[in-house]
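All values derive from a computational prediction rather than experimental measurement. FYI, the numbering just counts along the sequence from 1.
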Amino acid sequence: MHDNPIRDYVGRINEGSYAACRRAGYYLLPERLTLTASDRLEELDLFLDTSRVDGVVLSPPLADDALMIGHLKARGVPFVLLSPEDSDSGFLMVKRDQKSAAYEMTEHLISLGHKRIAFVSGPRSHGAAITRRVGFEEAMAAAGLPPGPVVDGDFSFRSGSAAGEDLLSGPERPTAIFAANDHMAAGVMAYALKAGLSVPGDLSVAGFDATEMGEAMWPPLTTIRQPLEEMGKEAASLLMEPSARGEDGSGASSRGHFELIVRGSTGAVPE
């Protein structure tokens, strides 16, 4: 189950889940529920009653929804949380260290000489967005730099463009902008080019998630790759292995690595 507008992100997770399900003789039923909908639990019940699924994978931001998690637990439906903010809940989960990933990306920008670094965050209801922001702020603090300006977005290209306009219109514009996903980074870059700035000559731009959009842009986007297909495969596999679950549905976390991909959108701070 998901509530994420980025099709590439959701699609890559589903591809991994499809592979695990096919191998084990199961079917995958993707379903979207809206986190902010007041009737989401009723919609969840309708889906569970009509589909009769054997288990549920909750991707972010649903993976941080205490009401939905509690409802699944009360109904006795096995579930796995994908990239939840809380690592110590005791539930089965598949999680990557996104804070460290954001920390490393910020370090990369600092190593290029950037000191005025801004951050475009995702929705505050999204645990992964919060974690990425924390990694950025901790890296800035560790380098002895004041925290750069932070603008909230919603993971969309449009919100990234609006954030770019906000950040680049002032007299003390940042020399680098790190966005919490590739779509917002693409929006930032589009506004920067519209404003007559060169990337990376005048402004370095970095993203997160290593989507196809980031690879197709010019210059190609520096980003963080999460193995989303692998994460989807792990999540589905955990559901199909009863031995991995306790009677209450709890279990150990599954963790893995990320990859910093340096491309042409980041460069040395302009003189």
Side-chain angles (χ1 to χ4, degrees), residues 6 98-211 213-214 217-226 258 260-271:
I6 308 305
Q98 300 191 64
K99 184 174 78 170
S100 293
Y103 191 105
E104 183 169 337
M105 177 63 81
T106 309
E107 281 189 322
H108 166 65
L109 295 172
I110 293 171
S111 73
L112 295 172
H114 296 281
K115 296 181 179 179
R116 297 197 308 274
I117 305 172
F119 187 74
V120 183
S121 184
R124 298 188 182 188
S125 61
H126 203 300
I130 296 172
T131 302
R132 294 172 191 183
R133 175 174 176 170
V134 170
F136 162 73
E137 292 176 339
E138 289 187 358
M140 294 291 285
L145 298 173
V150 176
V151 177
D152 289 334
D154 62 9
F155 284 148
S156 69
F157 177 93
R158 180 177 296 180
S159 71
S161 179
E165 181 176 7
D166 186 19
L167 291 167
L168 298 172
S169 297
E172 288 293 321
R173 68 171 186 252
T175 62
I177 297 177
F178 175 18
N181 80 335
D182 285 359
H183 281 66
M184 293 193 299
V188 168
M189 191 181 298
Y191 179 82
L193 297 175
K194 180 181 177 181
L197 300 175
S198 69
V199 176
D202 298 315
L203 176 74
S204 286
V205 181
F208 204 111
D209 283 335
T211 62
M213 172 182 282
M217 293 165 55
W218 189 260
L221 185 66
T222 294
T223 188
I224 295 289
R225 173 179 286 134
Q226 293 190 89
F258 57 85
L260 172 63
I261 303 174
V262 179
R263 298 188 180 126
S265 67
T266 54
V269 63
E271 296 181 359

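The nearest pair of heavy atoms linking Ala179 to Ala185 is CB-N, 3.5 Å. Here the closest non-hydrogen pair linking Ala163 and Val151 is CB-CG1, 3.8 Å. Nearest heavy-atom pair, Ala192 versus Val199, reported as atom, atom and distance to 0.1 Å: CB-CG2, 4.4 Å. Minimum interatomic distance between Pro123 and Ala129 (heavy atoms only, all atoms of both residues): O-CB, 3.6 Å. Of all the heavy atoms in Ala206 and Thr266, the pair that sits closest is CB-CG2, 4.3 Å. Here the closest non-hydrogen pair linking Ser265 and Val205 is OG-O, 2.6 Å.
Between the side chain of Thr222 and the main chain of Arg263, a donor-acceptor pair closer than 3.5 Å is present.
Put simply, CE on Met105 and OG on Ser100 are 13.5 Å apart, with the number rounded to the nearest 0.5 Å. Taking NE2 from His183 and CG from Leu221, the interatomic distance works out to 11.0 Å, rounded to the nearest 0.5 Å. Asp166 CG to Ser159 OG: the interatomic distance, rounded to the nearest 0.5 Å, is 12.0 Å. The CE atom of Met213 lies 8.5 Å from the CG atom of Asp182; values are rounded to the nearest 0.5 Å. Here CG of Leu109 is found 13.5 Å from CZ of Arg116. Values are rounded to the nearest 0.5 Å. To the nearest 0.5 Å, atom NZ of residue Lys115 and atom CG of residue Leu145 are 7.0 Å apart.
Residues Phe155 and Met184 have side chains in contact (heavy-atom distance under 4.5 Å, counting atoms from C-beta outward). Inter-residue side-chain proximity for Ile177 and Ile117 is flagged as unmet; no heavy-atom pair is nearer than 4.5 Å. Looking at Phe178 and Ser204, their side chains never come closer than 4.5 Å, going by heavy atoms from C-beta outward. Between Leu260 and Ile224, some side-chain heavy-atom pair lies under the 4.5 Å cut-off. Using a 4.5 Å cut-off on side-chain heavy atoms (C-beta onward), Pro146 and Met140 make no contact. No side-chain heavy atom of Leu112 sits less than 4.5 Å from a side-chain heavy atom of Val269. Counting heavy atoms from C-beta outward, Pro200 and Met189 have side chains that stay 4.5 Å or more apart. Lys194 has its side chain out of reach of Glu165: every pair of non-hydrogen atoms, C-beta onward, lies at least 4.5 Å apart.
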Next on the checklist: I'd like to know whether Arg173 forms a side chain to side chain contact (heavy atoms under 4.5 Å, CB included) with Leu167, so could you lay out the CA-CA distance, the side-chain angles of the two residues, the decisive distance to 0.1 Å, and finally the verdict.
Outcome noted: CA-CA 6 Å; Arg173 68 171 186 252; Leu167 291 167; over 6 Å; no
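Ring orientation note: the planes of Phe119 and Phe136 are close to parallel, at an angle under 30° on the 30°/60° scale.
Looking at Arg132 and Asp209, a side-chain N of the basic residue comes within less than 4.0 Å of a carboxylate O on the acidic one, giving a salt bridge.
For the side-chain hydrogen bond (donor to acceptor under 3.5 Å, both in side chains) test, residues two or more places apart in sequence or in another chain that qualify with Arg133 are Glu137.
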